Amino acid sequence: MSNQITNTTETGKFNPISFEDKWYSYWLQNKLFHSEPDEREPFTIVIPPPNVTGVLHMGHMLNNTIQDVLIRRARMQGKNACWVPGTDHASIATEAKVVQMLREKGIKKSDLSRDEFLSYAWEWKEKYGGIILEQLKKLGASCDWDRTRFTMEESLSDAVIDVFIDLHKKGLIYRELRMVNWDPQGKTALSDEEVIFKEVNSKLYYIKYPIVNENTGKGETSDGQQIWSQPYVIIATTRPETILADTAVCVNPLDERYKHLIGMKVKVPFINREISIIADEYVAMDFGTGCLKVTPAHDKNDYELGKKYNLEVIDTLTEEGFLNEKAQDERYIGKDRFVVRKQIAIDLEEAGFIDKIEEYKNQVGTSERTGAVIEPRLTLQWWVDMKKFLEKNPQVLDAVMSDEIKFHPSNMKNTYRHWIENIKDWCISRQLWWGQRIPAWYNEKGELVAVAKTKEEALAQIGSSFNGDIKQDEDVLDTWFSSWLWPISVFDGFKDPNNKDINYYFPTNDLVTAPEIMFFWVARMIMSGYEWKGNLPFKNVYYTGIVRDKQRRKMSKSLGNSPDPLDLIAQFGADGVRMGMLLCSPAGNDILFDESQVEQGRNFGNKLWNAYRLVKGWEIKPDADIEAEIITSNQKSGAWFAARFDEVVSEIDGKFADYKLSEALMAMYKLIWDDFCSWYLEMIKPAYQQPINQSTYDECINHFNQLLSLLHPFMPFITEEIWHGLETKKEGESICLAPYPVAKGLKNIDFSKTFDAITAIRNLRNAKGLSPKEAFKIIIKANDETAYQSNEFLIKKLANVSEVIFDKTAESGQNWISLPVSTDQVLVYLELNIDVDAEKDKIQKEIEYLQGFMKSVDAKLSNEKFVNNAKPDLVEKERQKKADAEAKISVLLESLNSLGL
RNA sequence: GGAGGCAUAGCUCAGCUGGUUCAGAGCAUCUGCCUUACAAGCAGAGGGUCCUUGGUUCGAAUCCAUGUGCCUCCA
């Protein structure tokens with residue numbers, strides 16, 4: 001690779017776009033991300049498979065950046081890192097898209113056979129599937145692409161079917177007629193987790209139901225108060241179209257207002273069906289009128305009531321959400337439920353059945369995928385018996401609670417436990433075609449006769465005495481029923497349970513995912529891990545936040561507030577985008593995305609780039625040609641940076657151990673920007689047009705390389721580019737495999753006094769508006785001069801000082817201005833008249849502050865209870881504080897004196 | 001309605017088991033600087049009643065309680 005700096009514009013700005021694609025191809029060519037089992041320790045991550053037809057959004061960017069950081073770091077640490085990519089067939093979402101595409105072509109799904117439809121779907125998948133994976137490459141994701149899997153490919157589908165059969169055998173799966181969440185647009189059942197509740201403004205209609213026997217329309221309470229005089233009861237509902245399916249009215253048995261009506265009948269408006277008034281404690285007396293209409297076919301709770309009281313179930317809706325003939329009223333049959341809702345309200349009003357209409361806010365369930373309003377519907381579905389499943393696998397909860405599987409942040413454990421402890425059975429059948437078809441077989445009467453992979457196996461199972469025909473279940477399985485097997489199935493752990501891969505890579509290490517799919521996916525993977533591998537599927541779960549815009553709105557297509565990640569990458573470079581996302585994303589916290597963060601990321605790249613330009617621009621001479629004083633100083637500086645670097649490495653290790661990636665990155669940011677660029681490079685930088693000595697240069701390159709290695713997981717592209725630029729590398733070498741820095745436990749080298757003195761002088765220059773070119777003469781007045789003496793050269797260089805005098809007895813005079821540096825003084829000679837009063841003022845203020853501080857410390861120390869109760873070393877520290885403050889005050893007083901007080 | 005969480009600088013957050021990490025970081029703002037790697041930069045500065053009110057304690061941003069506001073999940 002070239003050793004030339006080729007990507008710099010005339011102004012010194014770098015252009016990340018120019019090398020990112022180059023390096024990604026290089027990595028692929030050299031198979032750096034490919035993993036095969038070997039003797040090394042494995043480090044495995046399976047990607048949360050994105051929808052096969054999806055496109056990259058900001059959430060993916062965040063999620064995959066984090067995974068890439070973890071996997072790249074592990075790879076550099078010498079582990080056998082394996083990041084398995086893939087996509088999810090996403091039955092509802094994909095089927096909806098294919099149906100839409102066909103509709104645009106003028107083809108109706110209902111006109112196609114199952115096979116015809118599926119061939120269209122596969123065609124669509126081949127064409128658009130995997131776009132998202134290509135996009136991940138732009139981000140720098142170091143997935144092992146040779147291992148790319150798809151949840152509907154043959155081997156994974158087989159696993160799904162086998163698992164279904166296995167669970168059925170174990171008695172953990174059953175088929176039952178139950179109330180489910182029905183998506184009238186997707187025409188399928190949904191699990192509870194796929195229903196999203198949204199608050200909507202709706203209306204509460206108060207409808208009069210005439211009482212059949214009018215004589216009893218009057219009522220009295222036990223103390224003779226008249227409370228009811230109308231010949232009807234009033235019932236409040238938000239869904240007036242469902243009255244056509246009412247089969248009872250229910251009141252609370254304790255409700256004085258209605259006690260006398262229990263057992264009587266009312267008529268449903270328009271259709272005049274006579275229904276009974278029953279009593280059950282379930283009814284809330286304070287909601288609406290306290291009188292509930294019971295519609296067992298269209299409400300979960302009503303269904304339960306219906307079962308309890310043996311009520312008729314009248315389903316008035318078609319699978320598309322239209323009213324059917326059971327609604328009885330010709331005006332409404334064949335119309336959409338929302339159309340009917342409006343119309344029936346008008347009709348009821350005209351007919352005098354409406355008492356009043358109120359504005360009302362309520363929660364309406366909608367389909368996560370199609371957005372359609374969910375209708376509770378009674379259908380035959382397949383279920384996983386979760387209670388039984390968990391009784392069999394108690395580790396599912398225990399492993400998380402005991403941190404065997406660690407959640408980051410840990411407070412997600414509570415949510416997890418709550419869900420597990422209140423778990424409901426999982427509805428796994430979907431009335432769709434795109435997905436794994438349920439391996440259940442029915443005879444001509446529609447009775448379940450076998451659960452088997454193929455028709456032959458099914459027939460064999462039934463036995464030779466059977467001579468009729470059997471048909472396979474029309475439904476497919478919930479997509480999550482394949483996703484929950486993902487960490488096992490990507491390694492063919494079902495097909496071949498003892499293969500090399502599954503034995504090596506499973507259990508995986510980290511899972512990075514969004515908190516909203518904890519139930520859909522994370523919990524269920526834990527279940528499948530214990531059920532089929534008898535082990536946890538991963539050791540750490542990192543929950544990312546939700547990416548929101550600056551106004552805290554969730555980023556979404558419909559709001560149009562989400563930037564296109566690829567545009568961002570094109571504008572700022574992948575490294576900048578990665579850094580921008582990570583800087584503000586502590587685990588579990590939502591990210592308020594703002595383009596300025598990405599800009600900051602890019603600026604950081606620019607900083608690093610310019611450090612590189614600086615170093616590469618130096619002329620190198622042998623040590624013998626350079627003044628010894630410079631070399632000595634450079635050696636000290638190098639040792640200082642080495643120690644500082646070591647300190648940050650161990651700090652970063654700690655942050656990674658806690659999965660605090662944004663803090664690790666911030667530590668790195670400061671190390672590079674402040675310690676390396678602002679201090680170290682300035683310390684060793686030769687004077688204008690002067691050469692640098694060889695040993696210093698070599699050491700600097702070494703430090704630079706170490707920094708690049710440390711940074712590489714976060715910013716893979718620029719680090720690779722510079723790494724190759726610093727020294728010529730062999731073809732095929734890459735920073736991806738460079739050893740990750742390890743903390744050596746070096747002793748900290750304290751330059752703080754030197755730095756403070758330099759900063760104080762720079763400060764003075766700034767305050768007085770003096771040019772940095774003007775060199776000063778200074779006197780250092782310190783009890784312990786060694787800290788300054790050993791760095792005299794540096795002080796001169798970095799603060800532009802012409803002469804340093806060490807004098808313990810010096811006094812500031814007319815032209816000598818005193819700067820306090822910790823407990824010492826730096827006197828700077830200025831060729832200008834000092835505003836003595838202003839200086840005195842400044843010093844006076846400082847003294848006052850310190851005296852106040854002393855007072856508070858004294859108060860503590862003179863408090864017997866403090867001295868007796870506090871830890872001894874703490875008391876000692878307070879004494880030290882006092883001593884320091886005293887010393888500082890005396891220094892300041894001296895300064896005051898010498899100013900002529 | 002149930003469960004959990006959060007409230008610290010203009011913004012985003014850190015602050016573990018109370019006391020030198022105790023009022024911090026980054027960004028933003030302001031003031032100087034085109035200083036020979038970098039204006040995508042350099043050198044500085046300002047900025048907070050640690051949400052309210054009580055309590056525990058020698059000592060509270062930190063622990064407890066109350067109120068308020070916000071968020072998430074579940075029904």
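Note on naming: letters A, B, ... go to the chains in the order of the sequence lines (proteins, then strands), and numbering restarts at 1 for each one. Note that the structure is predicted; figures quoted are calculated from it, not measured.
With no hydrogens or angles considered, no side-chain donor-acceptor pair links A/Glu375 and A/Asn181 at under 3.5 Å. A/Asp653 and A/Ser650 form no side-chain donor-acceptor contact under 3.5 Å, judged by distance and modelled atom types alone.
A cation-pi arrangement is absent between A/Arg578 and A/Phe714 under the rule of less than 6.0 angstrom and at most 45 degrees off the ring axis. Both tests do not hold together for A/Arg178 against A/Trp426: distance to the six-membered ring centre under 6.0 Å, angle to the ring axis within 45°.
Across the P atoms, B/rC64 and B/rU72 are found 25 Å apart, a figure rounded to whole Å. Comparing B/rC6 with B/rA43, their C1' atoms sit 38 Å apart, to the nearest whole Å. If you take atom P in B/rC51 and the same atom in B/rG15, they sit 15 Å apart, rounded to whole Å.
In this structure, A/Tyr543 places its OH atom 23 Å from P of B/rC71, rounding to the nearest Å. Atoms CG (A/Asn610) and C1' (B/rC38) sit 3 Å apart, rounded to a whole Å. For the pair A/Tyr416 OH and B/rC74 C1', the computed distance is 16 Å after rounding to whole Å. Rounded to an integer number of Å, the gap from A/Lys300 NZ to B/rA75 C1' is 10 Å. At whole-Å resolution of the value, CH2 in A/Trp419 and C1' in B/rA75 are 15 Å apart.
Not counting sequence neighbours, the partners of A/Phe717 by the ring-ring contact (aromatic ring centres under 6.0 Å, His included) test are A/Trp27.
Note that NZ of A/Lys670 and CG of A/Asp675 are 9.5 Å apart. Values are rounded to the nearest 0.5 Å. The CG atom of A/Leu62 sits 8.5 Å away from the CE atom of A/Met58 when rounded to the nearest 0.5 Å.
Nucleotide B/rU35 is shown with an anti base, its glycosidic torsion being more than 90° from 0.
Considering only the side chain of A/Asn606, B/rA40 comes nearest among B/rA75, B/rA37, B/rA40. Closest contact between the side chain of A/Lys424 and the listed nucleotides B/rU36, B/rA75, B/rG26 involves B/rA75. When distances are taken from the side chain of A/Thr415 to each of B/rA37, B/rC73, B/rA40, the shortest belongs to B/rC73. Each of B/rG26, B/rA40, B/rA37 was ranked by its minimum atom distance to the side chain of A/Arg602; first place goes to B/rA40. Which of B/rC38, B/rA14, B/rG2 sits closest to the side chain of A/His418 comes down to B/rG2.
The 5' end of RNA chain B is approached more closely, in terms of each residue's nearest nucleotide, by A/Leu614 than by the other of A/Leu614 and A/Asn603. Looking at which nucleotide of RNA chain B each of A/Asn301 and A/Asp674 is closest to, the 5′-most match is held by A/Asp674.
You won't find any donor-acceptor pair under 3.5 Å spanning the side chain of A/Glu421 and the base of B/rA3, going by distance alone.
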Pull out every protein N or O sitting under 3.5 Å from an N or O of nucleotides 21-24 of chain B, one pair per line with the distance.
none

Check: protein-nucleotides 42-45 of chain B nitrogen or oxygen pairs below 3.5 Å:
residue: B/rC42; atom: OP1; partner: A/Lys607; partner atom: NZ; Å: 2.7
residue: B/rC42; atom: OP1; partner: A/Trp673; partner atom: NE1; Å: 2.7
residue: B/rG44; atom: O3'; partner: A/Asn763; partner atom: OD1; Å: 3.4
residue: B/rG44; atom: O2'; partner: A/Asn763; partner atom: OD1; Å: 3.3

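The aromatic rings of A/Phe755 and A/Trp679 sit parallel to each other, their planes meeting at less than 30°, with 60° as the upper class boundary.
When heavy atoms are screened at a 4.0 angstrom cut-off, A/Gln690 is found touching no nucleic acid atom at all. Within the nucleic acid shown, A/Phe604 has no heavy atom closer than 4.0 Å to any nucleic acid atom.
Under 4.0 Å is where a charged nitrogen must lie from a carboxylate oxygen, and between A/Lys413 and A/Asp403 at least one such pair does.
Remark: aromatic rings of A/Tyr680 and A/His703 are close, center separation under 6.0 Å.
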